Colleague: 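Here's a structure for you.
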Amino acid sequence: MSQSGSVKLENVVKRHGSFTALQGISLDIRPGEFFALLGPSGSGKTTTLRILAGLESVNEGRVLLDDVDVTHAQPGERDVAMVFQSYALYPHMTVAENIAFPLKMMGTPAATIEDAVQEAAAKVGIGRLLSRRPGQLSGGQQQRCALARAIVRKPRLFLLDEPLSNLDAKLRVDTRAELRRLQRSLGVTTVYVTHDQEEAMTVADRIAVFMEGRIVQVGTPKEVFLRPANAVVAAFIGTPPMNLMPAKLAGGQVRVHGAGLPAGGAHGLGERDVTLGLRPGDLRIADQGIPARVEFIEDLGDSVIAIVTVGDQHMKMRLDQHAVPQEGQQVFLSFAPAAAHLFDRQTGERLPSD
Amino acid sequence: MMELLINSLPLLGMGTVTTLYLSAAAIVLSTALGLAFALCQLYGGLLLRIVVEIYLYIMRGVPLLVLLFTMYYAAPYAGMEIDPTTGGIVVIAAYFGAFMTEVFRAAVLSVPVAQWEAGKAIGLTGKRIFTDIVARQAMRVAGPAYVNTCIGVVKGTSLVAIIGLVDLTYVGRQIVERTLAPFEIFGFVALVYFLICYALSRLGKYLERRLNYVN
């Protein structure tokens, strides 16, 4: 079985009746890459994954694996393995039988199967659970069993559909790192669907951000975080997400609620209406700036999230424990010029900065 | 009283054998019909699905007794000479086959779609997915309702007495008319039916335990 696994989608369109789930998306995934498809529910990311698996057909466009057109190939002909959101373990089989099942169906000799099962189970740390049935496993163990069943075939492409969504918060964080380690050790091209941007940021080499059946940005987690392509991506990425507010550019400054503040990239853009984007961690309380009122304080232990109102708009800012204002207090907000993200008010597209 | 029962045992035994034969034959046939029609409903073409749907509505909407009378009295008018035993088995099987159809169809539909897709993803054919993955899980879901329907078949066979088949109920009625001891005889008949149905329900429980793969 090959293990290079480059993936190309070329102008893929998928319609369900009158609804267009994918509106001509194109993607280029490199061999061995951990690639995340990130977006809210209904944005088309799972449909894309299912198209890669061969579980859904396309209306237009092409799917290429290792530069071979597999657009109309059956799932079994693609040499891909998929881990479903529900894990889809066979409840009437033991863990060992579940892992062995794909190999058994391929007619692999029994001795080879046994070795492969032991190896796959050891890789995901369930070597001692092989005689149990899925109903006797915890959520985390079921997930590992599903992973083992997928990797046992040594596929060229590994597809994961929100594999952590059924786990509790702590286990999710632990499993994220585990998944990354497993993918690195296997070197298999992995496409990972999630709606949790923190998850995507921590595991992926690159991310494709989906919105309403379109890919709005592709880049490394750092690129997507530091330079969101448009206001929609900006509002989606980050915890808490970026604050967006209407502003005006004039004389190299950005004017918000009567306050004029310098912003990186404001020079040379002339006078225009913009959307100003500011990350919660980039806002600070100053002696002058944007007038605001502190509505609510969320104490996170190591830091606090202050919810403030600017005019009639709510914004969030992340502050250190030693600089916490009082609820109801009137304050001024400021930010470093380089921290300002400017987006065109009409199109939402990012404006070029210095 | 004991003497009466002992004297009646040969006849009651013969009736019991007939009831067991009718029940077994009707269960086998209704199971086959139920499976076939369930598969038609799930995977058949539009025309086939419509035909099965009509059959289901008729069978579930008309009492078994009326169906037996139709077979016994109306069939000869249509030039169909049907031996009552065969006719009884066919009618009971056709009637309960409709209920079995729903039992099997619901069981297959209860298996999550992801189970099909997991099979597809490794290149299995629809037939292989059905036999190796789906049917195994559907069996467990269908089990309790299937056993209940089988018990219904056993109790349903008691109606064939009305069309002159010498089953347990028919024999019981004959003995009562001769001995005028309804409590003793029908009490015994009821006990035999109870034991058959109880044995079936115990078998069902055993199979349920065997098929229970949750823990």
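Please read these numbers as outputs of a predicted model, since none were measured by experiment. Throughout, protein chains are lettered first and strands after them, A, B, ... in sequence-line order, and every chain is numbered starting at 1. Side chains included, hydrogens not; waters and symmetry mates left out as well; all remaining heavy atoms used.
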Colleague: Listed by residue number, which members of residues 101-126 of chain B have a heavy atom under 4.5 Å from any heavy atom of chain A?
Modeller: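 The residues closer than 4.5 Å to chain A, in numerical order, are B:A114, B:Q115, B:E117, B:A118, B:G119, B:K120, B:A121, B:I122, B:G123, B:L124.
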Colleague: One pair to check against salt bridge (Lys or Arg N to Asp or Glu O under 4.0 Å): A:K123 and A:E119. What are the steps and the verdict?
Modeller: CA-CA 6 Å; A:K123 269 183 183 149; A:E119 187 189 338; 3.2 Å; yes
Colleague: Under 4.5 Å from any heavy atom of chain B, what part of A:L159 do you find: side chain, backbone, both or neither?
Modeller: neither
Colleague: Go through the side-chain N and O atoms of A:T194 and A:D196 and say whether any donor and acceptor fall under 3.5 Å apart.
Modeller: no
Colleague: Which value, rounded to the nearest 0.5 Å, describes the distance between B:L47 atom CG and B:C40 atom SG?
Modeller: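 Here the rounded value is 11.0 Å.
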Colleague: For the interface with chain B, which of A:S86, A:P75, A:P102 has the highest count of heavy-atom pairs at distances below 4.5 Å?
Modeller: A:P75
Colleague: Please report the interatomic distance CD(B:Q137) to CE(B:M139), rounded to the nearest 0.5 Å.
Modeller: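 Between atom CD of B:Q137 and atom CE of B:M139 there are 11.0 Å.
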Colleague: So what's closer than 4.5 Å to chain B heavy atoms on A:Y90: side chain, backbone, both or neither?
Modeller: both
Colleague: Over 60° means perpendicular and under 30° means parallel, so classify the ring planes of A:Y192 and A:F34, tilted if in between.
Modeller: tilted
Colleague: Please classify the contact between A:R50 and chain B as side chain, backbone, both or neither, with a heavy-atom cut-off of under 4.5 Å.
Modeller: side chain
Colleague: Could you check which of A:M105, A:M82, A:R78, A:Q85 has the highest count of heavy-atom pairs closer than 4.5 Å to chain B?
Modeller: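 Ranked by contacts with chain B, first place is A:M105.
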Colleague: As an exercise, state the distance from CG of A:L65 to CD1 of A:I29, rounded to the nearest 0.5 Å.
Modeller: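 The CG atom of A:L65 sits 9.5 Å away from the CD1 atom of A:I29.
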Colleague: Any donor-acceptor pair under 3.5 Å linking the side chain of A:D66 with the backbone of A:G5?
Modeller: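 Between the backbone of A:G5 and the side chain of A:D66 there is a qualifying donor-acceptor contact (under 3.5 Å).
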Colleague: Enter the distance from A:R132:CZ to A:L137:CG here, rounded to the nearest 0.5 Å.
Modeller: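 With rounding to 0.5 Å, CZ (A:R132) is 6.5 Å from CG (A:L137).
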